[in-house]
There are 2 protein chains.
Amino acid sequence: MTERMPQVTADANQGEVRAGHLSGLVGYHVRRASNAMVADFAEQLQDLGIRPTLFAMLSILSENPGINQGLLGRTLGIQRANMVPLVSDLMGRGLIERRDVPGDKRAFALHLTRAGAAMFEQCHDRIAAHEDRMLSRLDEAERDQLIDLLGKIDPDA
Amino acid sequence: MTERMPQVTADANQGEVRAGHLSGLVGYHVRRASNAMVADFAEQLQDLGIRPTLFAMLSILSENPGINQGLLGRTLGIQRANMVPLVSDLMGRGLIERRDVPGDKRAFALHLTRAGAAMFEQCHDRIAAHEDRMLSRLDEAERDQLIDLLGKIDPDA
DNA sequence: TATTGTTATACTCTATAACTATA
DNA sequence: TATAGTTATAGAGTATAACAATA
């Protein structure tokens, strides 16, 4: 593996840094892209106090009113224990509310409040701009293709 | 936006959860995919104690011996302050070593030790298996395409 | 027994500000 | 002034184990 390949000088500080093996790893590129997207998301929605996870919750709730905490978490890949402070956060800001589930005293049905629905719409617009900027070098077909390819990554393989 | 669309029942617990708006967001899919890849990486290399960030460091060092801490960090998108405990970790396990840089008393040249090079090779093989499993639903062309599309995400846009 | 939600805790990655010593 | 490395600290996401109340 290291036999007769051209070698960089012992001090690489002066020249280019070779990415080499890392360039071929999908995981590396996915992680770097995710970090970049999350960082820009956080920056663009900082004043609203909405992070990617919280927005995902608002989004699912807007289309699945009455869903309970556990199913919301499973949908988003968030564990039960980690849902508690997230739900608390949105509740404390009046963006969601809990309602009793008739027939199951363990669970709560979660709903967006009017403020929560308004926040969702506002985030929606900001995020559209954020994605347009970050993905400006991808046309519509490429964006769809990217989503399609990412969806083929199999967490259960 | 919410006028005459078909509505799910108030209690969505019984039926399918609609992803809706989230499905069209590249950022959401990138984040989920990254989490899945990182989680599997961690699981597969747990006994080696190598996480994605540490492997990336070993990888860059294997191809750029003598690079200093700052440039290594910039290459990987890791901030100076966050490099300190990472370098410490690898040093403490004898996987990398520091050498003085003649002509600059501030900097250290980082090098893989023999143990570090061996660890890199072992990780390399494990990660190849990890990627093959996680990406089993993507052929070679699709993996290249995925890397290409991810590379077009512009952190500086 | 299983499920819903909770508490407590720990680890990793990321972020900022401020410091030192050298350049 | 700028750079290399450091310290301290905080926020966010994820992970596990154990518990109470209910199914």
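As the structure is a prediction and not an experimental result, all values here were calculated from the model. Just the heavy atoms: all of them, side chains too, but no hydrogens, waters or symmetry mates, feed the values below. Per chain, numbering begins at 1; letters A, B, ... match sequence-line order.
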So, the side chain of [X] versus the backbone of [Y]: is there a donor-acceptor pair under 3.5 Å, distance only?
{"X": "A:T113", "Y": "A:L95", "answer": "yes"}
{"X": "B:D100", "Y": "B:P102", "answer": "no"}
{"X": "B:R18", "Y": "A:N64", "answer": "no"}
{"X": "A:E131", "Y": "B:G27", "answer": "yes"}
{"X": "B:E121", "Y": "B:A118", "answer": "no"}

Inset, instruction - Could you identify which residues cluster with A:V30, counting Ile, Leu, Val, Met, Phe, Trp and Tyr as linked when any side-chain heavy atoms lie under 4.5 Å apart, either directly or through a chain of such contacts? - result: A:V26, A:M37, A:M134, A:L135, A:L138, A:L146, A:I147, A:L149, A:L150, A:I153, B:V26, B:V30, B:M37, B:M134, B:L135, B:L138, B:L146, B:I147, B:L149, B:L150, B:I153
Euclidean distance, atom [atom1] of residue [X] to atom [atom2] of [N] [Å, nearest integer]:
{"X": "A:Q46", "N": "C:dT16", "atom1": "CD", "atom2": "P", "value": "9 Å"}
{"X": "B:M91", "N": "D:dG5", "atom1": "CE", "atom2": "C1'", "value": "12 Å"}
{"X": "B:I67", "N": "D:dA4", "atom1": "CD1", "atom2": "P", "value": "11 Å"}
{"X": "B:L76", "N": "C:dT14", "atom1": "CG", "atom2": "C1'", "value": "14 Å"}
{"X": "A:Q79", "N": "C:dT4", "atom1": "CD", "atom2": "P", "value": "14 Å"}
{"X": "A:D40", "N": "C:dA15", "atom1": "CG", "atom2": "P", "value": "12 Å"}
{"X": "A:I78", "N": "D:dG13", "atom1": "CD1", "atom2": "P", "value": "8 Å"}

Provide a list of protein-nucleic acid N or O atom pairs under 3.5 angstrom, restricted to nucleotides 6-12 of chain C.
{"unit_1": "C:dT6", "atom_1": "OP1", "unit_2": "A:R98", "atom_2": "NH1", "d": "3.4"}
{"unit_1": "C:dT6", "atom_1": "OP1", "unit_2": "A:R98", "atom_2": "NH2", "d": "2.5"}
{"unit_1": "C:dT6", "atom_1": "OP2", "unit_2": "A:Q69", "atom_2": "OE1", "d": "3.4"}
{"unit_1": "C:dT6", "atom_1": "OP2", "unit_2": "A:Q69", "atom_2": "NE2", "d": "2.7"}
{"unit_1": "C:dT6", "atom_1": "OP2", "unit_2": "A:R98", "atom_2": "NH2", "d": "3.2"}

Inset, instruction - Report which part of the nucleic acid A:G77 touches: base, sugar-phosphate, or nothing (heavy-atom distance under 4.0 Å, all strands). - result: nothing
Legend entry - Qualifying residues under ring-ring contact (aromatic ring centres under 6.0 Å, His included), relative to A:H21, sequence neighbours excluded: B:F55, B:F120, B:H124
Inset, instruction - Answer yes or no: does atom CZ of B:R133 have more than 12 heavy-atom neighbours from other residues, nucleotides or ligands under 6.0 Å? - result: yes
Inset, instruction - Starting from the C-alpha separation in whole Å, work towards a yes-or-no answer on side-chain hydrogen bond (donor to acceptor under 3.5 Å, both in side chains) for B:R80 and B:Q69. - result: CA-CA 8 Å; B:R80 279 180 305 281; B:Q69 203 165 311; over 6 Å; no
Legend entry - Inter-end axis angle, the helix from C:dT1-D:dA23 to C:dA23-D:dT1, with every axis fitted to five base pairs (rounded, 10 degrees): 0°
Inset, instruction - With a 4.0 Å heavy-atom cut-off, tell me which residues in residues 22-31 of chain A come close to DNA chain C, sorted by residue number. - result: none
Legend entry - Heavy-atom pair with the smallest gap, counting every atom of B:A56 and A:R31: CB-NH2, 4.3 Å
Inset, instruction - Looking only at non-hydrogen atoms, find the nearest pair between B:G49 and B:L54 and report the distance. - result: O-CD1, 3.8 Å
Sort me out a list of protein N/O and nucleotides 1-3 of chain D N/O pairs below 3.5 Å, or just none if empty.
{"unit_1": "D:dT3", "atom_1": "O2", "unit_2": "B:R106", "atom_2": "NH1", "d": "2.4"}

Legend entry - D:dG13 phosphate, OP1 or OP2, under 4.0 Å from B:N35 side-chain N/O: no
